Amino acid sequence: MEQITEKWEESVVEDGRLDGKSGVVLRLLSDVVMPPRIFADNLYFMGLNVMRCYSGRFRFTFNDRPSFELKAGELVVIYPEHYVTIEALEESNRLMYCIFDGADVEDFFDDLGFFDCARGATVPRARGFFELQRRIADPANHSPEGRKVSLRLLTDMLVSQLRDLRTCGNGLLYEAVRLIHANLKKGVVRLEPLCSQLKISRSHLHGLFVAAGLPSPSEIIRREQLRAAVRMLREGLLSIPEVMENTGFISQSHFSTFVKRLTGHTPSEIRRDTASLR
């Protein structure tokens with residue numbers, strides 16, 4: 001097995017597509033070639049991970065959602081706070097992955113139209129990847145400015161892949177995903193206004209996600225609202241009723257049930273455990 005891993009110092013880059021925001025940090029970039037084996041065993045994902053399969057197949061198994069396989073030419077974006085097992089399945093498998101962090105990293109990928117476990121067929125861009133690897137290997141680029149240049153190149157590749165998804169895949173699906181994230185930032189998301197924005201029926205919207213092998217829009221919205229609720233509970237700035245109101249939950253029993261299913265703890269237990277650490 002050959003494995004090439006580059007661990008970098010923090011490298012913050014400002015990009016025009018962030019609308020003036022800063023705070024996207026590339027913590028690690030790796031190119032891994034491996035035989036069939038488990039690559040990550042129930043690993044907790046703290047940062048935002050971008051993974052691209054160049055050959056072979058990889059199975060991703062989660063503790064809170066259905067598993068899926070990533071095939072050659074496909075891209076996956078996994079947001080933080082998941083336990084994931086990744087298994088290489090073919091005789092030879094190649095995976096490029098990047099771990100991002102920073103205050104604005106999730107907003108950045110949301111704005112690009114990605115969402116948790118989004119994936120789709122893309123046009124292979126090996127030339128861009130090898131150019132990125134060349135830059136990383138060049139000692140002249142082992143500097144803050146060199147890392148910024150490399151991260152900008154990686155950003156260009158991601159934006160280009162997004163265009164591929166919209167051109168070769170279902171543009172309406174990715175516009176729906178983009179709107180879900182844009183509306184989640186403003187508060188509670190309702191499907192009827194979303195369908196009005198897209199000019200399609202609710203059944204049509206549901207069919208787009210099911211046909212792509214993705215969770216339903218309502219499941220994605222609920223999952224993202226739950227993730228926001230857990231984050232607010234851990235921050236400890238709002239009471240439990242205020243967290244419920246900000247994330248669109250009406251029934252406290254339903255809220256408690258969903259949070260415990262996601263985290264293994266009730267909202268009160270999360271609040272108590274967080275307070276004890278202060």
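Keep in mind the model is a prediction, meaning the values are calculated, not measured.
Taken from CZ in Phe258 to OG1 in Thr247, the straight-line distance is 11.5 Å, to the nearest 0.5 Å. Expressed to the nearest 0.5 Å, how far CG of Leu95 lies from CZ of Arg57 amounts to 14.0 Å. Taking OG of Ser268 as the reference point, atom CD1 of Ile240 lies at 4.0 Å (rounded to 0.5 Å). Distance check: Ser218 OG to Arg202 CZ gives 6.5 Å after rounding to the nearest 0.5 Å. Taking NE2 of His265 as the reference point, atom CD1 of Ile270 lies at 7.0 Å (rounded to 0.5 Å).
Counting heavy atoms from C-beta on, the side chains of Glu87 and Thr61 never come closer than 4.5 Å. Counting only heavy atoms from C-beta outward, the side chains of Cys53 and Lys71 never approach each other to under 4.5 Å. Using a 4.5 Å heavy-atom threshold, the side chains of Val243 and Pro267 count as separate. Within the 4.5 Å cutoff, the side chain of Ile221 has heavy atoms near those of the Leu191 side chain. Between Ile99 and Phe45 the shortest side-chain heavy-atom distance does not fall below 4.5 Å. Within the 4.5 Å cutoff, the side chain of Phe68 has heavy atoms near those of the Val76 side chain.
Remark: the backbone N or O of Ser216 is not paired with any side-chain donor or acceptor of Glu219 at under 3.5 angstrom. A donor-acceptor contact shorter than 3.5 Å is absent between the side chain of Ser256 and the backbone of Gln252. Here the side chain of Asn42 pairs no donor or acceptor atom with the backbone of Thr85 at under 3.5 angstrom. For the pair Thr266 (side chain) and Lys260 (backbone), a donor-acceptor distance under 3.5 Å is absent.
The minimum heavy-atom distance linking His82 with Tyr79 is given by the pair CD2-O, 3.2 Å. Minimum interatomic distance between Glu242 and Ser239 (heavy atoms only, all atoms of both residues): OE1-N, 2.8 Å. Ser55 approaches Ala72 most closely through the heavy-atom pair CA-CB, 4.0 Å. Residue Glu90 comes nearest to Pro36 through the heavy atom pair O-CG, 2.8 Å, listed as atom of the first residue, atom of the second, then distance.
Ring geometry for Phe255 versus Phe249: interplanar angle of 30 to 60°, hence tilted.
Val50 and Tyr44 fall into different hydrophobic clusters, where Ile, Leu, Val, Met, Phe, Trp and Tyr are joined by side-chain heavy atoms under 4.5 Å apart, directly or via other members. Residues Ile38 and Leu43 do not share a hydrophobic cluster, defined by chaining ILVMFWY side chains whose heavy atoms lie under 4.5 Å apart.
Not less than 6.0 angstrom separates the ring centroid of Phe58 from the ring centroid of Tyr97.
The 12-atom threshold is exceeded at CD of Gln197, counting heavy atoms of other residues, nucleotides or ligands nearer than 6.0 Å. No more than 12 heavy atoms of other residues, nucleotides or ligands shown are found within 6.0 angstrom of OH on Tyr83.
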- [ ] Begin from the C-alpha positions of Met51 and Ile86 and carry the test side-chain contact (heavy atoms from CB on, under 4.5 Å) through to its verdict.
- [x] CA-CA 11 Å; Met51 301 188 180; Ile86 305 173; 3.7 Å; yes
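In this structure, the side-chain contact (heavy atoms from CB on, under 4.5 Å) partners of Ile200, at least two apart in sequence or on a different chain, are Leu172, Leu198, His204, Leu205, Leu208.
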